[in-house]
A.B. asks: 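Got a structure for you, written out below as structure tokens; questions coming shortly.
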Amino acid sequence: MSVEENVRIVNERIGDIAIKANRDPKDITLVAVSKNIPYNKIIEAQKAGVNQFGESRVQEFLGKYELAGENLDWHLIGSLQTNKVKYIIDRVDLIHSLDRSSLAKELNKRAKKDKKEVQALVQVNMSREITKSGLMEEELYPFLMDMAKYPYISVKGLMTIGPLTEDRDAIRDCFRRFRAIFEELKLKNLSHIDMRYLSMGMSGDYDIAIEEGSNMVRLGRAIFGD
Ligand SMILES: *Cc1c(COP(=O)(O)O)cnc(C)c1O
């Protein structure tokens with residue numbers, strides 16, 4: 001199937017799921033994950049109406065940024081090495097993988113130099129799988145409080161990756177718990193935090209994620225194929 005066809009199907013599905021869950025489809029942002037995908041396919045997706053793209057690796061992202069630049073919104077969704085921050089700081093629109101103080105410190109420093117805030121989501125390892133990055137659930141609140149030290153980082157919400165399992169109830173449970181944390185933090189109204197985005201849901205589980213309150217889904221295979 002073509003990218004255009006896939007985009008149409010995905011948008012339709014997001015709409016259907018949202019409406020069934022009593023939600024406005026417009027509240028859900030689609031990020032097309034274009035890692036390992038050649039540039040011409042990105043353009044196909046753009047022509048089909050997608051303008052937010054997610055990349056995992058800095059090197060690959062920079063190559064595509066060279067070609068498309070500011071015409072597209074770029075999300076960095078993979079773990080970010082501190083020494084790569086300087087290359088992406090003025091190019092990326094949202095970082096999904098803020099997961100440690102050393103990274104926060106470097107982001108703040110580079111953003112300050114540019115005199116422009118950097119927007120980031122804090123990644124949480126809800127499934128506690130050792131292969132995954134992200135803060136542990138219990139580390140999140142202290143980490144967010146600590147973000148007050150970094151005025152050039154604008155925290156825009158939270159991100160998680162669902163558990164690696166076929167067990168849809170386990171995935172749902174994980175997303176539901178994450179949503180509860182998100183809502184609780186939103187109610188706290190921390191002055192330096194804007195709890196706007198809940199980034200959860202990939203090609204295999206975005207239906208569950210939307211039912212459980214996600215407002216940002218990251219889809220690779222569903223758009224670009226396997
Ligand atoms: C690769 C990746 C995705 C997209 O995964 P698909 O299963 O292809 O939809 C989403 N989020 C992150 C963090 C990823 O690394």
Side-chain angles (χ1 to χ4, degrees), residues 1-14 17 28-39 41-42 44-46 48 50-64 72-81 84 88 92-100 103 119-136 140 156-168 170-172 174-175 178-179 182 197-226:
M1 236 170 324
S2 70
V3 170
E4 185 185 2
E5 183 78 351
N6 287 339
V7 169
R8 195 181 57 72
I9 291 168
V10 159
N11 278 326
E12 233 173 65
R13 187 143 182 253
I14 290 174
I17 299 161
I28 297 157
T29 300
L30 166 63
V31 178
V33 175
S34 49
K35 65 181 182 211
N36 303 320
I37 301 297
Y39 183 68
K41 296 278 175 194
I42 293 181
E44 276 181 43
Q46 184 195 18
V50 178
N51 55 12
Q52 319 248 0
F53 292 88
E55 288 285 337
S56 282
R57 282 175 294 273
V58 167
Q59 207 60 38
E60 189 182 339
F61 160 62
L62 291 174
K64 289 169 184 171
L72 303 176
D73 277 359
W74 293 103
H75 298 235
L76 199 80
I77 61 169
S79 44
L80 178 56
Q81 284 175 275
K84 302 267 171 72
I88 57 115
V92 77
D93 294 282
L94 185 64
I95 294 168
H96 289 231
S97 48
L98 174 54
D99 62 355
R100 59 194 192 280
L103 179 58
Q119 308 211 330
L121 309 180
V122 177
Q123 182 174 354
V124 182
N125 184 358
M126 286 298 290
S127 57
R128 311 182 89 87
E129 289 163 27
I130 51 167
T131 51
K132 283 203 185 112
S133 22
L135 296 168
M136 290 297 144
L140 177 60
K156 289 285 172 199
L158 305 177
M159 181 272 231
T160 199
I161 299 174
L164 189 64
T165 172
E166 301 287 305
D167 181 351
R168 299 193 32 105
I171 297 170
R172 185 177 300 282
C174 174
F175 287 160
F178 198 46
R179 202 280 178 85
F182 176 79
Y197 296 116
L198 180 59
S199 168
M200 62 182 190
M202 308 183 1
S203 296
D205 56 20
Y206 70 98
D207 53 335
I208 307 174
I210 292 169
E211 284 164 6
E212 297 303 331
S214 166
N215 58 22
M216 186 170 270
V217 292
R218 311 177 306 267
L219 306 185
R221 290 168 299 142
I223 288 176
F224 297 109
D226 281 310

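Sequential numbering from 1 along the given sequence is applied to the chain's residues. Because only heavy atoms are used, hydrogens play no part in the values below, and waters and symmetry mates are left out as well, while side chains stay in. Each ligand, and each atom within it, is numbered from 1 in the order the structure gives.
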A.B. asks: Using a strict cut-off of 4.0 Å, indicate which atoms of ligand 1 neighbour a heavy atom of Arg218.
C.D. replies: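 Answer, ordered by atom number: 4 (C), 9 (O), 10 (C), 11 (N), 12 (C), 13 (C).
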A.B. asks: Which ligand 1 atoms are under 4.0 Å away from a heavy-atom of Ser203?
C.D. replies: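 It comes down to these atoms of ligand 1: 6 (P), 7 (O), 8 (O), 9 (O).
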A.B. asks: Indicate whether the side chain of Ser127 and that of Lys132 have a donor and an acceptor atom separated by less than 3.5 Å.
C.D. replies: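 The answer is yes; a qualifying pair exists.
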A.B. asks: Would you mind running through ligand 1 and noting each atom that sits below 4.0 Å from a heavy atom of Lys35?
C.D. replies: 1 (C), 2 (C), 3 (C), 14 (C), 15 (O)
A.B. asks: With no hydrogens and no angle check, just 3.5 Å: does a side-chain donor-acceptor pair link Asn6 and Arg221?
C.D. replies: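 Note: Asn6 and Arg221 side chains miss the donor-acceptor criterion.
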A.B. asks: Salt-bridge test for Arg168 and Asp207: reply yes if a basic N is under 4.0 Å from a carboxylate O, no otherwise.
C.D. replies: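 Result for this pair is yes, salt bridge flagged.
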A.B. asks: Any ion pair linking Arg8 and Glu4 (charged N to carboxylate O, less than 4.0 Å)?
C.D. replies: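 The answer is no: the pair does not qualify as a salt bridge.
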A.B. asks: Which atoms from ligand 1 have a heavy atom of Leu219 less than 4.0 Å away?
C.D. replies: 9 (O)
A.B. asks: For ligand 1, is any non-hydrogen atom under 4.0 Å from His96's backbone (N, CA, C, O), its side chain (CB onward), both, or neither?
C.D. replies: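 Near ligand 1, His96 shows nothing, with every heavy atom at 4.0 Å or more.
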A.B. asks: Is it true that a side-chain atom of Thr29 and a backbone atom of Met216 form a donor plus acceptor pair closer than 3.5 Å?
C.D. replies: no
A.B. asks: Heavy atom to atom 5 (O) of ligand 1, shortest distance: which of Gln123, Arg57, Met202, Arg221 holds it?
C.D. replies: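 Nearest heavy atom to atom 5 (O) of ligand 1 lies in Met202.
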A.B. asks: Starting from atom 12 (C) of ligand 1, find the nearest protein heavy-atom neighbour and note its residue, name and distance.
C.D. replies: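 Heavy-atom neighbour on the protein nearest atom 12 (C) of ligand 1: Ile77 CD1, 3.5 Å.
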A.B. asks: Answer yes or no: does an N/O atom from Gly204 fall short of 3.5 Å to an N/O atom of ligand 1?
C.D. replies: no
A.B. asks: Indicate the ring-plane relationship of Phe61 and Trp74, choosing parallel, tilted or perpendicular according to the 30° and 60° boundaries.
C.D. replies: perpendicular
A.B. asks: For a side chain to side chain contact (heavy atoms under 4.5 Å, CB included) with Val122, tell me which candidate from Thr160, Ile95, Leu135 qualifies.
C.D. replies: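 Answer to the side chain to side chain contact (heavy atoms under 4.5 Å, CB included) test with Val122 among Thr160, Ile95, Leu135: Leu135.
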A.B. asks: Against heavy atoms of Ile161, which atoms of ligand 1 measure under 4.0 Å?
C.D. replies: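 Per the distance check, 13 (C).
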